[in-house]
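First comes the structure, then the notes that go with it.
Please read these numbers as outputs of a predicted model, since none were measured by experiment.
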Amino acid sequence: MALNPNFNQIGEMFTKQYYAMFDNAATRGELAKLYNAEQSFLSFEGQQMQGTAKIMEKINSLTFQTIAHIVTSIDCHPMFDGGILVNVMGQLKTDNDPPQSFMQNFVLKPSGDSFFIQHDVFRLVLHNVAAH
């Protein structure tokens with residue numbers, strides 16, 4: 001397979017769609033359609049899970065009432081298997097909590113005429129550096 005020449009457009013459109021769905025409680029459950037039943041992996045703050053069911057179980061267990069992702073940068077790279085690496089950086093606002101920086105990486109894997117999320121790695125940008 002060759003590099004996808006539309007990697008940047010696809011990655012940016014995917015990112016907008018993903019966070020629009022995630023931030024709306026009415027459509028959050030539809031995120032399941034973006035993952036693969038067996039071939040998707042999520043690493044959420046170091047906790048790893050595989051498959052749509054476990055990933056959605058994690059997403060649905062998050063305790064916020066309202067959420068907003070403010071994306072400040074999206075970097076996309078084509079992959080030699082036709083996939084796309086997407087790196088997202090931004091701020092996350094939940095309920096009345098102060099905004100926190102986050103970083104999320106996706107590997108979008110081709111599937112027919114579309115893509116699914118093969119890898120999803122999410123981290124809040126917290127620097128817990130112990131005093132020496």
Side-chain angles (χ1 to χ4, degrees):
M1 225 179 214
L3 298 176
N4 188 321
N6 300 317
F7 68 92
N8 225 24
Q9 294 167 289
I10 294 167
E12 289 181 10
M13 288 174 51
F14 159 78
T15 302
K16 290 180 175 122
Q17 177 187 15
Y18 180 88
Y19 292 121
M21 292 170 71
F22 197 111
D23 292 354
N24 182 341
T27 58
R28 194 170 302 130
E30 294 178 32
L31 289 172
K33 297 175 186 172
L34 302 178
Y35 293 96
N36 181 282
E38 297 172 359
Q39 298 177 27
S40 291
F41 294 87
L42 169 66
S43 177
F44 186 89
E45 289 293 314
Q47 182 184 8
Q48 296 184 350
M49 54 229 55
Q50 179 181 358
T52 304
K54 293 282 187 193
I55 291 169
M56 292 309 297
E57 184 180 309
K58 178 61 183 175
I59 290 171
N60 292 327
S61 76
L62 301 173
T63 59
F64 54 80
Q65 298 302 307
T66 61
I67 186 168
H69 291 85
I70 299 106
V71 173
T72 54
S73 70
I74 304 169
D75 297 298
C76 305
H77 288 259
M79 297 173 61
F80 288 106
D81 66 354
I84 302 168
L85 173 65
V86 182
N87 182 46
V88 181
M89 191 170 62
Q91 285 198 320
L92 183 67
K93 178 84 176 93
T94 55
D95 300 329
N96 293 319
D97 298 331
Q100 297 189 64
S101 296
F102 78 94
M103 187 165 211
Q104 192 160 10
N105 296 291
F106 299 97
V107 172
L108 306 180
K109 183 81 169 167
S111 178
D113 61 354
S114 189
F115 292 85
F116 70 91
I117 301 169
Q118 185 175 44
H119 299 279
D120 178 352
V121 180
F122 175 88
R123 279 274 184 187
L124 291 173
V125 180
L126 303 173
H127 300 282
N128 297 325
V129 180
H132 294 284

Practice item. Could you tell me the separation between the CG atom of Asn96 and the CD atom of Gln65, rounded to the nearest 0.5 Å? Key: 10.5 Å
Check your understanding: Linking I/L/V/M/F/W/Y whenever their side-chain heavy atoms sit closer than 4.5 Å, directly or via other members, would Ile67 and Leu62 fall into one cluster?
Key -> yes
Practice item. Please check if Phe64 and Tyr19 belong to a single hydrophobic cluster, counting links between Ile, Leu, Val, Met, Phe, Trp and Tyr side chain heavy atoms closer than 4.5 Å. Key: yes
Review point. What distance separates Asn6 CG from Met13 CE, expressed to the nearest 0.5 Å?
Key: 10.0 Å
**Study point:** Phe80-Val86 co-clustered via ILVMFWY side chain contacts under 4.5 Å
**Key:** no
Check your understanding: So, for Pro78 and Asn4, which heavy atoms are closest and what is the spacing to 0.1 Å?
Key -> CB-O, 4.2 Å
**Study point:** Closest heavy-atom pair and its distance - Gly11, Cys76
**Key:** CA-SG, 3.7 Å
Study note, to complete from the structure: Between Phe106 and the options Phe14, Tyr35, Phe115, the ring-ring contact (aromatic ring centres under 6.0 Å, His included) test singles out Phe14
Check your understanding: Under the side chain to side chain contact (heavy atoms under 4.5 Å, CB included) criterion, do Asn36 and Lys109 qualify, and how do the steps go?
Key -> CA-CA 10 Å; Asn36 181 282; Lys109 183 81 169 167; over 6 Å; no
Exercise for review: Please check if the side chain of Thr66 supplies one atom and the backbone of Thr94 the other of a donor-acceptor pair under 3.5 Å.
Suggested key: no
Exercise for review: Take Leu34 and Phe22, measure what side chain to side chain contact (heavy atoms under 4.5 Å, CB included) needs, and give me the verdict at the end.
Suggested key: CA-CA 11 Å; Leu34 302 178; Phe22 197 111; over 6 Å; no
Review point. Are Ile70 and Leu124 connected in a single hydrophobic cluster, I mean Ile/Leu/Val/Met/Phe/Trp/Tyr linked by side-chain heavy atoms less than 4.5 Å apart?
Key: no
Exercise for review: Of all the heavy-atom pairs spanning Thr52 and Ala37, show the shortest one and how long it is.
Suggested key: OG1-N, 3.2 Å
Review point. What orientation do Phe122 and Phe44 show, parallel under 30°, tilted 30 to 60°, or perpendicular over 60°?
Key: parallel
Check your understanding: When rounded to the nearest 0.5 angstrom, what distance separates CG in Asn105 from CG in Asn87?
Key -> 4.5 Å
Point to revise | Cluster check Val107, Ile59: I/L/V/M/F/W/Y, side chain < 4.5 angstrom | key: no
Review point. Within the side chain of Gln100, is there an N or O that forms a donor-acceptor pair under 3.5 Å with the backbone of Val125?
Key: no
Review point. Quick check: does any side chain N or O of Ser43 sit under 3.5 Å from a backbone N or O of Val121, one acting as donor and the other as acceptor?
Key: no
Exercise for review: State, with a plain yes or no, whether a side-chain heavy atom of Asp120 is found less than 4.5 Å away from one of Tyr18.
Suggested key: yes
Practice item. Please round to the nearest 0.5 Å and tell me the distance separating atom NE2 of His77 and atom CG of Leu3. Key: 12.0 Å
Check your understanding: Is the number of heavy atoms from other residues, nucleotides or ligands under 6.0 Å of Lys93 NZ greater than 12?
Key -> yes
Review point. Parallel, tilted or perpendicular for His119 and Phe41, by the 30°/60° rule?
Key: parallel
Check your understanding: Would you say Arg123 and Glu45 make side-chain contact, with heavy atoms under 4.5 Å?
Key -> yes
Check your understanding: Do side-chain atoms of Gln39 reach the backbone of Gln118 as a donor and acceptor pair under 3.5 angstrom?
Key -> no
Practice item. Would you please classify the geometry between the Phe102 ring and the His69 ring as parallel, tilted or perpendicular, with 30° and 60° separating the classes? Key: perpendicular
Study note, to complete from the structure: Between the CE atom in Met21 and the CG atom in Leu31, the distance rounded to the nearest 0.5 Å is 4.5 Å
Check your understanding: Heavy-atom count around Glu38 CD within 6.0 Å, excluding the residue itself: above 12?
Key -> no
Practice item. Carefully, step by step, assess Leu108 and Phe116 under the rule side chain to side chain contact (heavy atoms under 4.5 Å, CB included). Key: CA-CA 6 Å; Leu108 306 180; Phe116 70 91; over 6 Å; no
Point to revise | Exam field: side chain Ser40 to backbone Ile117, donor-acceptor pair closer than 3.5 Å | key: yes
**Study point:** Heavy-atom neighbours of Asp95 CG exceed 12 at 6.0 Å
**Key:** yes
Exercise for review: Check the surroundings of atom CE in Met89: do more than 12 heavy atoms from other residues, nucleotides or ligands lie under 6.0 Å from it?
Suggested key: no
Revision key, fill the gap. Rounded to the nearest 0.5 Å, the CE atom of Met103 sits from the OG1 atom of Thr72 at a distance of 9.5 Å
